[in-house]
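Step one of this worksheet: look at the structure below.
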There are 2 protein chains.
Amino acid sequence: MMILGLVRWMQPVHGYDVRRELLSWSADKWANIQPGSIYHALRKLTEEGLLRAVATEQVGARPARTTYEVTVKGEDEFETLLRNSWWTISEPPDPFVAAFSFLPAMPRDEAAAALRNRANQLRAGIESMRASLESDWVRNRKPAHVGWMFELWSARAEAEMGWCERIAERIDSGVSYLPAELDEAQGWSGWKDGAEPPDTDAE
Amino acid sequence: MMILGLVRWMQPVHGYDVRRELLSWSADKWANIQPGSIYHALRKLTEEGLLRAVATEQVGARPARTTYEVTVKGEDEFETLLRNSWWTISEPPDPFVAAFSFLPAMPRDEAAAALRNRANQLRAGIESMRASLESDWVRNRKPAHVGWMFELWSARAEAEMGWCERIAERIDSGVSYLPAELDEAQGWSGWKDGAEPPDTDAE
DNA sequence: AGCGTAATAGCCAAGTTTGACTAAACCGTG
DNA sequence: CACGGTTTAGTCAAACTTGGCTATTACGCT
């Protein structure tokens with residue numbers, strides 16, 4: 001729950017503020033938070049005693065807004081949570097890896113093309129990150145470590161770019177996907193270039 | 001829903017088979033699937049007409065098991081889903097990035113130490129992946145593209161390793177986190193080395 | 001002034017995910 | 001052969017997430 005961290009950083013805040021902040025970081029992308037979940041999270045954190053509802057103002061006939069603050073217990077909890085995320089490593093789930101594991105279901109030429117396309121998209125992403133790194137907006141108005149996060153994304157993307165091109169090459173070269181042991185059999189084509197694998201009982 | 005893909009690949013299967021396969025790929029790590037969700041997914045896919053329940057056998061008094069197959073519609077849907085994942089890029093959510101965005105809340109020395117520790121963990125991960133790449137088990141019994149996935153993870157990890165060390169250096173060097181514009185103010189220390197940021201109203 | 005669009009705030013029902021739980025059958029081993 | 005542990009197979013209630021909805025006020029434009 002990194003919402004706790006946001007509240008801690010912006011307190012006192014009401015839900016909509018948090019929502020806006022997350023939106024401006026387009027945090028729905030790299031965090032796991034859709035706007036709908038915020039209010040539930042705030043209420044849950046409150047009932048766990050990590051937050052405290054500080055006030056409920058109302059302007060005109062608009063919906064009332066509740067303002068929150070972090071309690072001492074919340075401060076503690078955030079500290080352990082944060083420390084935990086910093087010290088332990090955890091493979092985040094990646095839809096592309098999942099898709100890649102179905103490589104044999106893709107026609108070879110499409111797979112190679114898609115990988116090259118991915119490399120290009122990555123390159124474009126890096127480019128635009130470099131650009132905003134140079135831009136005054138990030139250089140002057142944003143804390144330095146925001147730029148550092150961009151560097152991390154760039155570094156990862158660059159590595160992946162190289163990989164995409166290497167693998168596209170290999171796929172084009174026509175090497176078999178089969179485990180070395182049964183490389184004499186000829187199965188495993190995709191739905192495009194032939195019948196289904198003749199039940200090789202792999203694994 | 002990449003469960004569909006698994007069923008397509010292993011059909012005919014029952015839920016527990018899928019669960020075992022996912023477990024053996026330790027897919028709860030890099031995919032988004034805990035064993036509990038499988039049965040719900042199967043039922044949902046069935047009622048959407050993408051799967052078809054093929055039989056419900058029962059051995060002795062053990063729980064009955066239902067076997068599924070992919071329908072033609074399911075085949076189609078899988079094709080579009082898969083193609084979509086191959087051609088479009090999507091930043092997966094990464095808890096570390098989220099944690100890193102709270103850098104100013106960490107004491108400098110701990111942050112640097114954690115980053116160096118992370119670099120080491122990454123190095124160890126790469127090492128063990130290299131090892132299993134060399135191992136006969138992967139080289140002979142597993143399809144080639146499984147090894148290629150390992151290469152992707154390695155490449156990303158290597159890039160991240162470098163980044164960790166660079167950033168640790170910077171943090172040690174004591175550069176300010178503040179946006180260049182207000183670098184004369186002195187706020188923003190963590191909970192460890194001082195008071196909270198004096199409400200710089202950043203963004 | 002009038003009117004359409006956007007922003008403000010948050011709620012909520014419907015859908016999903018999850019970890020804990022059953023309960024029989026198989027395995028091996030002293 | 002008895003009996004403890006693992007494997008098989010799946011269910012379920014509780015928690016969580018989500019996208020859509022409401023209803024008011026502010027803003028921009030002619």
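Letters A, B, ... are given to chains in the order of the sequence lines, protein chains preceding strands, and every chain is numbered from 1. Being a predicted model, the structure only gives us computed values, none of them experimental. Basis for what follows: all heavy atoms, side chains included, without hydrogens, waters or symmetry-related copies.
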Gap separating the CD1 atom of A:Ile167 from the CZ atom of A:Arg118, nearest 0.5 angstrom: 12.5 Å
Can you give each donor-acceptor pair under 3.5 Å made by side-chain atoms of residues 94-103 of chain A, sequence neighbours left out, with the distance rounded to 0.1 Å?
unit_1, atom_1, unit_2, atom_2, d
A:Asp94, OD1, A:Phe96, N, 2.7
A:Asp94, OD2, B:Arg156, NH1, 3.1
A:Asp94, OD2, B:Arg156, NH2, 2.7
A:Ser101, OG, A:Ala98, O, 2.6

Can you tell whether the side chains of A:Lys73 and A:Glu77 come within less than 4.0 Å, N to carboxylate O? no
Let's test your reading of the model: under 3.5 Å, does the base of D:dG10 pair with the side chain of B:Arg19 as donor and acceptor? yes
The side chain to side chain contact (heavy atoms under 4.5 Å, CB included) partners of A:Ala155 (sequence neighbours excluded) come to B:Ala159
Report all interatomic pairs (protein N or O, nucleotide N or O of nucleotides 22-27 of chain D) with separations under 3.5 Å.
unit_1, atom_1, unit_2, atom_2, d
D:dT25, OP1, A:Ala61, N, 3.3

By side-chain hydrogen bond (donor to acceptor under 3.5 Å, both in side chains) - contacts of B:Glu169 (at least two apart): B:Arg116
No-hydrogen, no-angle side-chain donor-acceptor test under 3.5 Å, A:Gln121 and B:Trp87: no
To the nearest 10°, give me the bend of the helix from C:dA1-D:dT30 to C:dG30-D:dC1, comparing the axes of its five terminal pairs at either end. 30°
Rounded to whole Å, the CD-P distance (A:Gln34 to D:dG20) equals 12 Å
Tell me which donor-acceptor pairs under 3.5 Å the side chains of residues 122-132 of chain B have, and how far apart each pair is, sequence neighbours excluded?
unit_1, atom_1, unit_2, atom_2, d
B:Arg123, NH2, B:Asn120, OD1, 3.2
B:Arg123, NH2, B:Glu165, OE2, 3.3
B:Ser128, OG, B:Gly125, O, 3.2
B:Ser132, OG, B:Ser128, O, 3.3
B:Ser132, OG, B:Met129, O, 3.1

According to side chain to side chain contact (heavy atoms under 4.5 Å, CB included), who are the partners of A:Val70, at least two apart in sequence or on a separate chain? A:Leu4, A:Val7, A:Arg8, A:Gln11, A:Leu51, A:Glu75
Would you kindly give the CZ-to-C1' distance between B:Arg65 and D:dT11, to the nearest whole Å? 17 Å
Here the distance between atom P of D:dT7 and atom NE2 of B:His14, to the nearest Å, is 16 Å
Non-neighbouring partners of A:Glu151 that pass side chain to side chain contact (heavy atoms under 4.5 Å, CB included), sequence neighbours left out: A:Leu133, A:Trp148, B:Trp163, B:Arg166, B:Arg170
Report all side-chain donor-acceptor pairs from residues 52-59 of chain B shorter than 3.5 Å, counting only partners two or more places apart or in another chain.
unit_1, atom_1, unit_2, atom_2, d
B:Arg52, NH2, B:Glu69, OE1, 3.4
B:Glu57, OE2, B:Thr67, OG1, 3.4
B:Gln58, NE2, B:Arg62, O, 2.8

DNA chain D: 5'-proximal contact among B:Asp17 and A:Gly36 (nearest heavy atom): B:Asp17
Test A:Tyr177 against A:Arg108 for side chain to side chain contact (heavy atoms under 4.5 Å, CB included), laying out the working first. CA-CA 11 Å; A:Tyr177 300 148; A:Arg108 268 173 195 274; 3.5 Å; yes
Need two values: the first and the last nucleotide of DNA chain C, 5' to 3', having an atom under 4.0 Å from any heavy-atom of chain B. C:dT16 to C:dC26
Quick one: OG on B:Ser135 to CZ on B:Arg141, what's the gap to the nearest 0.5 Å? 11.0 Å
Go through residues 39-55 of chain A and report each residue with a non-hydrogen atom lying under 4.0 Å from DNA chain C, sorted by number. A:Tyr39, A:Arg43
Would one find a side-chain N or O of A:Ser37 under 4.0 angstrom from OP1 or OP2 of D:dT18? yes
Measure from CD1 on A:Ile33 to C1' on D:dT17 and round the result to the nearest Å. 12 Å
Length of the CD1-P vector between A:Ile38 and D:dG19, whole Å: 12 Å
Kindly list each side-chain donor-acceptor pair under 3.5 angstrom involving residues 41-50 of chain B, sequence neighbours excluded, with atom names and distances?
unit_1, atom_1, unit_2, atom_2, d
B:Lys44, NZ, B:Glu48, OE2, 3.4
B:Thr46, OG1, B:Leu42, O, 2.7

